[in-house]
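See below for the structure under consideration.
In the text below, chain A, chain B and the rest are named by the order of the sequence lines, each starting its count at 1.
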Amino acid sequence: MMTDLPIISLAIWVPILAGIAVLFTGDDRRACLARWMALAGSIAGFLVTLPLYTEFNFADGGFQFQERLSWIPAFNIHYHLGVDGISVPLILLTSFITMVVVVAGWEVIEKRVAQYMASFLIMSGLMIGVFSALDAILYYVFWEAMLIPMFLVIGIWGGQNRVYATIKFFLYTLLGSLLMLVAFIYLYHQTDSFALVDYYRLPLALPVQVLIFLAFFMAFAVKIPMWPVHTWLPDAHVEAPTGGSVVLAAIMLKLGAYSFLRFAMPIAPDAAHYLAGFMITLSLISIVYIAFVALVQKDMKKLIAYSSISHMGFVTLGMFIFNPLGMEGAIVQMISHGFISGAMFLCVGVLYDRMHSRQIADYGGVANTMPTFAAFAVLFAMANAGLPGTSGFVGEFLVILGALQVNFWYAFLAALTLIFGAAYTLWMVKRVFYGEIANQQVAALKDLSKREFFILAVLALLVIGFGVYPAPITELTNASVSQLLSHLAQSKLPAGY
Amino acid sequence: MSNIFSDLITALPEIFVLGMAMFILLLDLFLKPSQRGLIFWLAQLTLAGAAVITIITHTPAVTYAFNGMFVDDPMSDVLKVMTYIGTAMMFVYTRHYLTLRGMFRGEYYALVLFAMVGMMVMISGQNFLTLYMGLELLSLCLYALVALDRDNPRATEAAMKYFVLGALASGMLLYGMSMIYGATGSLNIAEVGQSLTQGAPTYSMLILGLVFIVSGLAFKLGAVPFQMWVPDVYHGSPTAMTMLIGSVPKLAAFAMVIRLLVQGLYVLAVDWQGMLVIMAVLSIAIGNVTAIAQTNLKRMLAYSTISHIGFLLFGLMSASMNGFASAMFYVSAYVLMTLAGFGMILLLSRQGFEAENLDDLKGLNQRSPWNAFLMLIVMFSMAGVPPTLGFYAKFTVLQAALEAGFVGLVIFAVLMAAVGAFYYLRVVKLMYFDDPQDTSPIDAPTGMRVMLSVNALSLLVLGLLPQVLMGVAAYAMFYSMN
């Protein structure tokens with residue numbers, strides 16, 4: 001039986017060990033070897049996550065594939081891993097995107113190849129650790145450790161202003177997470193345990209719950225990011241190399257949303273209800289206001305970065321309306337946004353590698369010289385705008401339906417964004433791809449290489465596939481979502497309140 | 001007769017180290033410069049021998065000797081072994097540096113070993129006078145060591161500054177001790193503790209004494225507002241001496257704090273707690289904020305030390321077993337990190353060139369990826385980012401402080417930790433994101449390279465398995481304090 005193996009541990013440690021092995025290939029004289037080793041490592045990393053889906057018990061909403069070993073007995077800390085229907089799709093997304101990133105950086109990265117590839121492999125393992133840790137300190141260790149490779153990726157391979165961007169990224173995230181650590185320590189003193197399941201059961205008074213929720217909020221809202229703590233994201237995205245942007249948008253942003261579902265909401269459910277209005281307001285501001293901000297961007301990567309923030313607003317909105325439609329929608333939106341935003345950043349990367357510019361104004365009429373690429377780019381742009389038939393539609397539609405059950409105006413505001421989203425995305429597509437050929441450089445562009453075609457084709461298939469048939473995701477998440485919602489519906493206030 | 005014999009056994013490690021130090025001093029007279037290597041190995045042998053003696057005679061029981069002036073408890077054994085290890089590591093790091101600068105002489109090893117005897121006496125002192133004697137022995141050796149390169153005006157100035165301020169601190173400590181003696185009628189720590197539990201005689205006199213003792217200790221630790229000497233002495237001393245001042249003596253200073261404040265004056269915990277709180281908060285704030293403005297790596301590490309001392313005080317001010325154990329864990333983690341940090345400076349230094357400016361680290365990743373990676377671990381460990389040892393160090397002291405109810409202060413401390421992360425990140429930025437100014441190859445003996453790799457990787461390995469060091473600290477505290 002496959003289940004005898006520690007599948008989650010393998011999913012975490014295979015990419016990390018592969019990354020360390022890649023590091024040992026040394027300097028750029030052996031770059032080719034580093035690339036092939038990284039590819040092999042990422043494929044192995046993806047294969048070991050597959051059993052999480054094939055062996056998954058769809059009827060069980062609890063944690064499966066659990067592994068529990070004593071780690072730091074002095075503080076009752078365990079190496080405790082487990083997954084449920086919410087984390088499995090995200091883990092698969094992580095290991096999948098890692099393969100994409102390795103292939104996408106194949107020829108583009110020329111200096112310090114081994115370090116680049118190793119960073120992404122190690123990051124992949126750490127992010128899977130975040131998605132599967134059931135012990136607060138273990139989770140925290142993965143959560144923070146993941147910052148180190150990302151810090152290096154943006155700082156070493158990034159653009160002009162990379163140092164500012166990467167330090168801002170690191171400090172923003174660190175500041176938020178340290179407050180979360182304080183919350184964990186507080187909970188430890190209440191329960192003498194760092195186990196998540198013990199926290200789920202712990203009754204807490206409302207003021208305490210609110211403080212704990214806010215501490216988590218500081219950590220997770222920065223990561224998602226929600227308005228008004230989003231300002232690190234456009235900087236980080238613009239300066240990061242393509243692979244860094246893809247991982248940031250496709251996976252790192254999801255960590256924040258996932259952590260709300262895993263930690264903040266179930267540990268402090270009453271506070272989550274109490275502050276739902278606040279969270280919904282911030283989400284709606286993110287959705288609407290940031291969409292306007294995206295509309296005026298001149299830099300393609302910045303535009304997509306803002307669009308990510310706006311789309312993540314849908315995720316938080318879906319989570320805090322507390323109904324199954326919203327919650328399912330939020331999760332589908334997370335996965336679909338992972339594919340779409342990743343693909344969009346890859347498209348910008350394709351152009352950037354050729355022209356070394358991200359400015360919309362430098363382009364025009366690209367469709368004439370790169371017809372195949374234009375077809376893909378338009379497809380992903382449509383998906384980003386939420387066109388029915390693509391995965392972007394499913395998540396947003398579910399969230400809007402869920403919001404409609406709660407309050408008409410929430411749904412109305414959220415739905416407006418389908419228009420704004422279409423506006424900023426399609427306007428960018430129009431300016432970049434259509435019209436007359438803008439200049440000599442555009443005229444000299446070559447269409448996609450086989451490698452680029454392959455990556456974009458796979459992503460396109462997934463975007464359309466999940467758009468037409470999202471059932472694989474919803475089947476996975478169903479049991480866990482209903483279990484989570486029933487947990488959230490129960491008050492955790494101590495008796496007497 | 002059997003009594004004095006067992007007393008000598010209890011103090012055997014100190015006696016052994018002292019004898020060997022004197023032997024080394026004598027032997028050095030008869031050695032040619034080319035034979036100095038022997039001194040190095042003899043010093044290492046001394047440390048190994050002392051470690052063997054300490055470990056063999058170790059028991060979980062508490063043994064008093066010399067009429068209660070000296071104690072051998074698990075805490076002292078653990079801290080002594082850590083001192084030996086730290087000193088041995090320091091010898092490996094500094095050898096090449098000293099040779100290049102003409103300071104590879106017998107005096108250096110003898111003085112360091114004498115200083116170590118001072119530390120050991122501080123660790124095991126159970127009487128105000130024993131403690132004071134140990135402290136003075138340590139301090140006098142350190143003053144001399146800083147001035148060892150006597151033609152270097154900066155080092156001489158640093159030694160002078162260190163001596164004047166150190167003497168002042170010793171005076172304050174001694175004055176405080178005399179007050180406590182006046183109030184309780186005893187110099188023995190256990191007796192002082194006992195007489196205080198039977199009802200404090202003259203409270204105002206005790207408090208006055210306490211204030212002086214705490215100030216003296218803060219001076220030695222380098223906690224704000226008694227930190228002025230730290231940056232100047234760190235900066236001015238030859239790096240090999242800075243490494244010594246910044247690392248192992250903190251273990252002894254920690255032990256002294258435990259002996260005086262916890263074992264002696266625990267009844268006054270409410271009073272010293274308040275003082276430690278203020279010093280802890282100020283140290284963390286001023287240390288971290290001022291470090292940002294530094295361009296000299298040694299000065300930056302000096303301010304970073306001040307902030308680490310602040311975190312150490314966070315553990316102590318909790319005034320609980322949990323807090324003391326976490327402080328001990330913190331101080332041992334701190335020593336490991338400091339050794340590695342200064343080890344890197346020594347590694348990059350060459351004949352006639354001190355790699356002490358931040359800019360000297362520029363582009364290290366291109367010059368030597370492995371060393372850049374090691375320094376990366378050290379910096380993230382100092383910043384307290386998991387999965388390094390530094391994270392668990394901060395984690396344990398913060399949880400102890402939170403348990404003691406200092407919620408606001410803990411939040412303040414973590415915010416300051418984020419501020420502190422900035423200057424550690426800047427070092428990483430210089431190493432990884434900038435191009436090198438200086439492309440000369442790094443030439444350092446293999447021993448030093450291996451030592452640095454082991455030291456920095458230990459921060460990572462102990463970060464993955466922190467239970468080892470935590471368990472040792474908890475064991476030492478539990479069996480020494482009951």
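Looking at heavy atoms from C-beta onward, B:Leu425 lies in side-chain contact with A:Leu171 at the 4.5 angstrom threshold. In this structure, the side chains of B:Tyr392 and A:Phe75 stay at 4.5 Å or more apart for every pair of heavy atoms. Using a 4.5 Å heavy-atom cutoff, the side chains of A:Leu179 and B:Val414 are in contact. Residues B:Val428 and A:Ile148 are not in side-chain contact: their nearest non-hydrogen atoms beyond the backbone lie 4.5 Å or more apart.
The two residues B:Pro387 and A:Val141 come nearest to each other via the heavy atoms CB-CG1, 3.9 Å. Closest of all the heavy-atom pairs between B:Tyr432 and A:Arg112 is O-NH1, 3.3 Å. Contact record, B:Ala418 with A:Leu174: CA-CD2, 4.0 Å, taken as the closest heavy-atom pair. A pairwise comparison of heavy atoms in B:Gly463 and A:Trp71 identifies O-CZ2, 4.3 Å as the closest pair.
Looking at B:Phe422, the atoms closer than 4.5 Å to chain A (heavy atoms on both sides) sit in the backbone and in the side chain alike. Within the 4.5 angstrom heavy-atom criterion, only side-chain atoms of A:Thr166, from C-beta onward, approach chain B. With a 4.5 Å cut-off on non-hydrogen atoms, A:Ile137 touches chain B through its side chain but not through its backbone. Heavy atoms of B:Phe380 lying under 4.5 Å from chain A belong exclusively to its side chain.
Under the 6.0 Å cut-off for aromatic ring centres, A:Phe194 and B:Phe395 qualify, their centroids lying closer than that.
For the atom pair CD (B:Gln467) and CD1 (A:Ile77), the distance works out to 9.0 Å, reported to the nearest 0.5 Å. Going from atom CD of B:Glu403 over to atom OH of A:Tyr188 covers 7.5 Å, rounded to the nearest 0.5 Å. For the atom pair CE of B:Met470 and CD1 of A:Ile72, the computed distance is 5.0 Å after rounding to the nearest 0.5 Å. B:Gln366 CD to A:Ile156 CD1: the interatomic distance, rounded to the nearest 0.5 Å, is 9.0 Å. Between the CZ atom in A:Phe184 and the CG atom in B:Leu402 there is a gap of 13.5 Å [rounded to 0.5 Å].
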Exercise. side-chain contact (heavy atoms from CB on, under 4.5 Å) between B:Phe433 and A:Arg162: does it pass, once the steps are laid out?
Worked result: CA-CA 9 Å; B:Phe433 310 162; A:Arg162 58 185 199 267; 4.1 Å; yes
For this session: Verify side-chain contact (heavy atoms from CB on, under 4.5 Å) between A:Leu181 and B:Lys394, making sure each step is shown before the conclusion.
Result: CA-CA 11 Å; A:Leu181 180 65; B:Lys394 290 219 162 68; over 6 Å; no
Exercise. Should B:Leu376 and A:Leu152 be marked as a side-chain contact (heavy atoms from CB on, under 4.5 Å) after you check the CA-CA gap, both sets of side-chain angles, and the distance that decides it?
Worked result: CA-CA 10 Å; B:Leu376 173 96; A:Leu152 295 176; 4.2 Å; yes
Problem set entry | Steps toward side-chain contact (heavy atoms from CB on, under 4.5 Å) verdict (B:Val385, A:Leu147) | CA-CA 9 Å; B:Val385 177; A:Leu147 293 178; 5.9 Å; no
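The main-chain N or O of B:Gln399 is found under 3.5 Å from a side-chain atom of A:His189 such that the two form a donor-acceptor pair.
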